[in-house]
Amino acid sequence: MQDKYNHQEIEIKWQKKWQEQNLYKTVDEVKGKKNFYALMEFPYPSGNLHIGHWYAFAVPDIFVRMKRMQNYNVMFPIGFDSFGLPAENAAIKHGVDPRKWTYENITYMEKQLQSMGNSFDWSRKIITSDPEYYKWTQWLFLKLYEKGLAYKKKASVNWCPSCQTVLANEQVIAGKCERCETEVSQKDLEQWFFKTTAYAEKLLNGLKDLKWPNSIKESQKNWIGKSEGTEISFKLKRNNAPQPPLNLRGGERSEGELSIKVFTTRVDTLFGVTYLVLAPEHPLISKLTNQIKNLKEIEKYIKETKQKTEIERTDVKKEKTGVKLNGINAINPANGEEVPVFVADYVLGNYGTGAVMAVPAHDDRDFEFAKKYKLAIREVITGGDISTEAYTGEGVLMNSEDFNGTKSEEAREKITKKFGKKIIKYRLRDWLISRQRYWGCPIPVVYDPEGKSHSIPEKNLPWLLPEDVDLTSKNQSPLATSKELKERVEKIFGKDWTPEVDTMDTFVDSSWYFLRYTDPKNEKEFADKEKMKEWIPVNRYSGGAEHTNMHLLYSRFFHKALFDLGLVNEDEPFTERINRGLILGPDGQKMSKSKGNVIDPDKQVKSVGADTVRMYLAFIGPFNEEGQYPWDLGGIVGIRRFLEKVWKIAQKIQNKPTKKQKEESYPATQNLELENLLHKTIKKVSEDIENYKFNTAISAMMIFINELEKKLEHTPEVSKGAFDTFLKLLAPFAPHITEQIWSQLHLQSESTTKSIHLEKWPEYDELKIKEKNIVIAVQINGKIRAQFETNIDIKENQAKEKALSLIKIQKWLTGKKIKKIIFVPNKIINFVV
RNA sequence: GCCGGAGUGGCGGAAUGGUAGACGCGCACGACUCAAAAUCGUGUCUCGCAAGGGGUGUGGGUUCAAGUCCCACCUCCGGCACCA
């Protein structure tokens, strides 16, 4: 046996062996085993594995390995989310082919991933930029297209001037591009959308039964933004100007008159309306041009609004502005009162009806606006003071004719019934999936000479990404520069037919990748339905918190849509979700090259070993609490010391003379104590891994090893058995060193030893966990005064006597009367005086 | 402003309402060594020689007993934000 723990030699050796033996290859069914699908978000092939990848993959591998030892048939796949902007940007900057850049990165990162010692099933590897994969992304797109769930429309969309492409709503964070943090602007473009709004209610309802962190559920709930309210129609007052044409959009004719529809959640304040506000985008404005007396002023205001960025426009702190539509008045259906109409950019064009009824007495925004433009403020809800600010709470109605004295909630129902209709609105928008970029999945659509869109037939899939493109061309999608693509379309479809030149958002690729893992090589279907039945829904999915309202919402939408199309068996894709935390630099800051605080995992692995790095990451804090943990260069030595200790004990055990030592010559209690601790450790480690509390599992193992080290001399036989069991507990954390020790201790040639990772997970014995002796704390009024050791399950009376005799010596109770005695079995006895 | 989460040693962090600070780092002292490193041992919330007192963001409360439950507040992190 080697006497030095040489991590490099051991790790390379076993990684090679596991690969040769196909140790982690998963088949779809194993008799007598339950399937378990453990999924981690697959990486983008950026070119280098960082410590965050290690955290994301190596730590959950501990759980995966335990599950496998617990007789589950575990699938733990890996792949690459390989379409995306960085490849294209690298291509533009360095003149390399994005394809080459991506695939070279994948090759390199695969090697890095191997060094983790993870139990990935590489045979199921998928790469989203492979035509074999994106063929099915396109096929699924067409299924949605056929059902009307993918559609094209002209809309004002978010445009990132730096990335030169549009962005989905979810990819705009506080008015800035999620990727490059450039301020986004608005552009009117014809774009492809997925109809996520059709699933708003289902996405909301589905959250209830998911075993997901509360934070994600709440965040998605907010993002979907359901609000129930009332739609009210305000007729416009007829005036002497000529009537507009009949076939209008935006405004609606009722009894020959135009009206403005507003959406409100506080219809109980209807009698307090003193004006209406239209969003600058409201279509009615352009239909009223011959009635608006100050048209020039209005047009100027609208133009100014358009020039503002999204950030400027939606800045809550900004002073509200607006212009009155002279000559236009609306009639409050509740009391017949005429109210003025304003256009103001604090009302959003793309939410609700794009128009609101303003109740300055009971809405902060309306209050501010009314004060500025000296508009009437009428109190209709009692319970507040509206002299300096709006009262937005509930109350009892006043100044509301028949409804005076009614409570807000009741009034909402009654007023809705009489003057409006109940309506539900969602904040969620449709998912914009077009991207004006090259390195993505081509949208499988062509246009006929009239410009009408048509599906590309299945036999022409995969619809290949062309290669003869100019990546630097401005103001058009790179695909538009491909001669080959143009010719391909004309050859297949006819003259003057043209290709769609946008590619899909990469989030489309990742919305179904976990389905492909179940059947990665299938050439006839995106995945076999029977195979999906074995694995879907995913049992446990772990990843980063940044995907809450993007990937996780998109996947849920996609899956629900596929379910309704009969293509998958379940309507939710992921049963349990775990959000991991974040590893910070040693300075407690986010790692970044510019700060120079980046930890290179390769260097760490070289110096202390993969087992140590894995375990240190698991030890740094609870994995599932989204915490932020600084990488402590000092702290990692604690784990290394622990593994060195394990190594040393293994040596001692192996080098012991083989002749049996007489156990009787040692105190029997030592053996019992060790067994007791071992079984407690099995329980603790098993439960903690199950709950992703790897940090406390490691701490329990450290306690065990420290005890074992002390007892080794006195209990050689029991220690050996206990150590053997302990190794299995440690195996998921430190797969290499345990495999090495295991193979040596079992004195077989290394080639024939059964891997420790194929061993059965230890089970604890409830009887052995039970303590023989315990310490009972004696309290007076809840304060600890003394403690005594006694046998377990001591009766209350005995405990009381013992405690009292202890207390008597100390005179704590002299002259005091005992009012009450609280006895907590095996823990505490408390005297209340 | 709204929604979620968190505040515990010098640091990362432990604690089914039942002995706060497990485990690890760091630090101090000791052993080994010519010496250092490594390793091992002891100690390490705080005031106090001790007995004892105080202590989990702040202030209240419930309870025999509160880091844990309730109320109010403060701070920090994440998300949403003129959504009517």
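Throughout, a chain's letter reflects where its sequence line sits, starting with A, and its residues are numbered from 1.
Checking B:G13, B:C23, B:G79 against every side-chain atom of A:Phe619, the shortest atom distance belongs to B:C23. Side-chain proximity of A:Ile822 to B:A84, B:U19, B:C64: nearest is B:C64. Listed nucleotides B:C82, B:A84, B:G26 differ in distance to A:Asp345; the shortest reach to its side chain belongs to B:C82. Which of B:C23, B:U19, B:G12 sits closest to the side chain of A:Ile784 comes down to B:U19. Distances from the side chain of A:Ser227 to the nucleotides B:U19, B:A84, B:U39 place B:A84 closest. Among the nucleotides B:U19, B:C3, B:G54, the one closest to the side chain of A:Glu218 is B:C3. Out of B:C64, B:C82, B:G24, the shortest distance to the side chain of A:Lys820 is found at B:C64. Of the listed nucleotides (B:C77, B:A22, B:C40), B:A22 has the atom at the smallest distance from the side chain of A:Thr696. Side-chain atoms of A:Trp223 lie closest to B:A81 of the nucleotides B:A81, B:C23, B:C64. The side chain of A:Pro630 approaches B:G12 more closely than any other nucleotide in the set B:A84, B:G12, B:A22.
With a cut-off of 3.5 Å on both Watson-Crick or G-U wobble distances, the partner of B:U75 is given as B:A6. In this structure, B:C34 makes no Watson-Crick or G-U wobble pair, since no nucleotide meets both defining distances under 3.5 angstrom. Pair check for B:G67 finds none; no Watson-Crick or G-U wobble contact set falls under 3.5 Å. Figure legend. B:G1 is base-paired to B:C80; pairs are counted as Watson-Crick or G-U wobble with both atom distances under 3.5 Å. Across all strands shown, B:A14 has no partner, as no Watson-Crick or G-U wobble contact with both distances under 3.5 Å is found. In a base pair of the Watson-Crick type (N1 to N3 plus N6-O4 or O6-N4) or a G-U wobble (N1-O2 and O6-N3), with each distance short of 3.5 Å, B:A20 is matched with no nucleotide. The nucleotide B:C45 finds its pairing partner in B:G54, both defining distances of the Watson-Crick or G-U wobble pair being shorter than 3.5 Å.
Using a 4.0 Å heavy-atom distance criterion, A:Val775 is classed as a base contact. Note on A:Gly635: only backbone sugar-phosphate atoms sit closer than 4.0 angstrom, heavy atoms only; bases stay farther off. In this structure, A:Arg640 reaches neither bases nor backbone, as no heavy-atom distance under 4.0 Å exists between it and the strands shown. Counting any heavy atom pair closer than 4.0 Å across all strands shown, A:Lys710 reaches no nucleic acid atom.
One C1' atom belongs to B:A66, the other to B:U8, and the distance between them is 14 Å to the nearest Å. A gap of 14 Å separates the P atoms of B:U58 and B:G10, to the nearest Å. Taking atom C1' on both nucleotides, B:G30 is separated from B:G24 by 22 Å, rounded to a whole Å. Between B:C2 and B:G9, the distance separating the two P atoms is 30 Å to the nearest Å. Rounded to whole Å, the separation between the P atoms of B:G13 and B:A6 comes to 14 Å. Of the C1' atoms belonging to B:U19 and B:G55, the separation is 15 Å, rounded to the nearest Å. Remark: the separation of the C1' atoms in B:C69 and B:C82 is 39 Å, to the nearest Å. B:A37 and B:C32 have their C1' atoms separated by 12 Å, given to the nearest Å.
Distances shown here put every side-chain N or O of A:Asn830 at or beyond 4.0 Å from the OP1 or OP2 atom of B:U63. The phosphate of B:A38 has neither OP1 nor OP2 within less than 4.0 Å of any side-chain N or O from A:Arg641. Between A:Asn695 and B:C23, a side-chain N or O to OP1/OP2 separation shorter than 4.0 Å is absent. Proximity of A:Tyr351 to the phosphate of B:A84: a side-chain N or O atom is located under 4.0 Å from OP1 or OP2. Residue A:Arg785 places none of its side-chain N or O atoms closer than 4.0 Å to OP1 or OP2 of B:A51.
Here the C1' atom of nucleotide B:G5 and the CG atom of A:Asn222 are 14 Å apart, to the nearest Å. Straight-line distance from the CD atom of A:Gln628 to the C1' atom of B:C11: 16 Å, rounded to whole Å.
For A:Glu201 and A:Lys226, the salt-bridge test passes: some basic side-chain N is under 4.0 Å from an acidic carboxylate O. Classification of A:Lys693 and A:Glu625 as a salt-bridged pair holds, one side-chain N sitting under 4.0 Å from a carboxylate O. A salt bridge does not link A:Glu546 with A:Arg179: none of the charged nitrogens is closer than 4.0 Å to a carboxylate oxygen. For the pair A:Arg412 and A:Glu228, the salt-bridge criterion is not met [side-chain N within less than 4.0 Å of a carboxylate O]. A salt bridge is defined here as a Lys NZ or Arg NE, NH1 or NH2 lying under 4.0 Å from an Asp or Glu carboxylate O, and A:Glu644 with A:Arg640 meets this definition.
With its glycosidic angle within 90° of 0, B:G9 adopts the syn conformation.
Less than 6.0 angstrom separates the ring centroid of A:Tyr692 from the ring centroid of A:Phe694. Centroid-to-centroid, the aromatic rings of A:Tyr275 and A:Phe369 come within less than 6.0 Å.
Judged purely by distance below 3.5 Å, without hydrogens or angles, the side chains of A:Glu170 and A:Tyr554 pair a donor atom with an acceptor atom.
Between the side chain of A:Lys827 and the base of B:U16, a donor-acceptor pair under 3.5 Å is found.
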